[in-house]
Engineer: 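Sharing a structure, written as structure tokens. Questions coming.
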Amino acid sequence: MIWNRPMETMSRDTLAALQLERLQKTVERVYHNVPAYREKMQAAHVTPADIKSLEDLQRLPFTYKQDLRDNYPFGLFASPMKEIVRLHASSGTTGNPTVVGYTRRDINTWSELTARMLASAGADADSVIQIGYGYGLFTGGLGVHYGAEKVGASVVPISGGNTKRQIKLMEDFGTTLLACTPSYALYLAETIAEMGIAREKLKLKAGVFGAEPWTEEMRRELEYRLQILAIDIYGLSEVMGPGVATECPVKNGLHIAEDHFIPEIINAETGEPLPYGEAGELVFTTITKEGFPVIRYRTRDISVLYEEPCHCGRTHVRMGKVSGRTDDMVIIRGVNVFPTQVESVLLSLGLTEPHYVLVIDREGLLDTLEVWVEVSEKMFSDEVRKLEKVERKIQRELESLLGVTAKVKLVEPKTIERSEGKAKRVIDRRKLTK
Ligand code: DLL
């Protein structure tokens, strides 16, 4: 269902006019209210009056995660603290966490966007929505929560973890829509099977999965195991949280809420804008946010933009599934590898279980990649010769598709840590030995 038809199906011309008006207001706002933005714009010799068309956006300087750290905690806020009604923050494993703030109107906008996302997955007032994203400083739980209430669904704010209890409530409450990370959905599916719960006992129809990269092959796996429609949802705290972009049931890219955000794809090294259809780094400018607007925010996420109209009727441009973050990319002997590429190979071969991890190490001056992947109990107790054959087959496939030499290690069931939130797909041992 299309939640906000006038906005989501607006003609491209009307949308462009709306975007320009909103962009101009946002640039004015940051220039006057945020010294750090003003200084950057002055250094680039651009003022709000220079933004006369949407193309002029490219005259504005980029904003980086480092800018958030440098202005910790509230230096980039464009509203006085008395108007900020909510704070969220990222964990920040190194240095200061990144903090974002929302005004009441921002919270309303955000709820509207997560409502669009849930409606796109088929949610309505009859739905029972179980939210397995973490509640707290992470934007996943509360972000989806407000949208779920807005569509009028009955919300089960269970947060992440407590897997058996999740499944008991899913059965007892008749959950129809599950919201969590795809890796947690897989863990839930596995546990449902282990608990011997028949699929007919569950009313599950759809899942909205995101907050981490996942492949088409993983979608098929989840749709098959849970017998649901699996929808990809994308967002990041700096821009808003979940709801920045969402798939429609056509499942051919995620519609970006262009009445609130302007996307660009750039060459991550040169910063040059790339045309539609080319892969590069996603950059977002918010055009309605009050508390924490961002101008040309470098997401470090790799994707592609598509402008062709979609069968669903929505006119907003689509982004391809995120293949990974530039910071998740591992470089093995000069070849760039994303965990999603490995996932895609493993799952399409279908010889193993869908639980895997990449282990990076260094031998002398060379980086090495090992792919650990679980096999079933039955297979693990098979002859060594058979296991070696499977290892070699996967190894060959990885080598021919990705161009890297990886050592494949088949491991016992349950050896790889299950995820209740964002999965950790890479273990980098080089950092431990340095
Ligand atoms: O993960 C917001 C979110 C919550 C999105 C729930 C979807 C569902 P952050 O913790 O700030 O916010 O992390 C943002 O997660 O830059 C991407 O690298 C990654 N990410 C988010 N959604 C997707 C997705 C939330 N659908 C970072 N596919 C982003 C791939 C995703 N990566």
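Atoms within each ligand, like the ligands themselves, are counted from 1 in listed order. Position 1 is the first residue of the sequence; numbering continues from there. Hydrogens, waters and symmetry mates are skipped; everything else that's a heavy atom, side chains included, is used.
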Engineer: Checking salt bridge (charged side-chain N to carboxylate O under 4.0 Å, His left out) between K414 and each of E194, E374, E353, which is the one that passes?
Structural biologist: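 Of the listed residues E194, E374, E353, the salt bridge (charged side-chain N to carboxylate O under 4.0 Å, His left out) partner of K414 is E194.
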Engineer: Using the rule ring-ring contact (aromatic ring centres under 6.0 Å, His included), only one of H88, H145, H260 pairs with W110; which is it?
Structural biologist: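 Output: one option passes, namely H88.
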Engineer: Please tabulate, line by line, the atom pairs linking an N/O of ligand 1 to a protein N/O at a distance below 3.5 Å, with the distance in Å to 0.1, or answer 'none'.
Structural biologist:
residue  : atom   : partner : partner atom : Å
ligand 1 : 1 (O)  : K422    : NZ           : 2.9
ligand 1 : 10 (O) : K422    : NZ           : 3.1
ligand 1 : 11 (O) : S237    : N            : 3.0
ligand 1 : 11 (O) : S237    : OG           : 2.4
ligand 1 : 13 (O) : K422    : NZ           : 2.9
ligand 1 : 15 (O) : A211    : O            : 3.4
ligand 1 : 15 (O) : K422    : NZ           : 3.3
ligand 1 : 16 (O) : D301    : OD1          : 3.4
ligand 1 : 16 (O) : D301    : OD2          : 2.6
ligand 1 : 16 (O) : R325    : NH1          : 2.8
ligand 1 : 18 (O) : D301    : OD1          : 2.6
ligand 1 : 18 (O) : D301    : OD2          : 3.4
ligand 1 : 18 (O) : R325    : NH1          : 2.9
ligand 1 : 22 (N) : A211    : N            : 3.0
ligand 1 : 26 (N) : D232    : OD1          : 2.7
ligand 1 : 26 (N) : I233    : O            : 2.6
ligand 1 : 28 (N) : E212    : O            : 3.3
ligand 1 : 32 (N) : P213    : N            : 3.4

Engineer: Among I2, T315, L18, whose side-chain contact (heavy atoms from CB on, under 4.5 Å) with M7 holds?
Structural biologist: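 So the option named by the test is L18.
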Engineer: Holding to side-chain hydrogen bond (donor to acceptor under 3.5 Å, both in side chains), I want the full list of residues that pass it with E21, two or more places apart in sequence or in another chain.
Structural biologist: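 Here no residue qualifies.
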Engineer: If only side-chain N and O atoms count, and only distance matters, is there a donor-acceptor pair under 3.5 Å linking Y306 with N252?
Structural biologist: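 No.
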Engineer: Quick check: do I331 and V337 have side-chain heavy atoms less than 4.5 Å from each other?
Structural biologist: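 No; the side chains remain at least 4.5 Å from each other.
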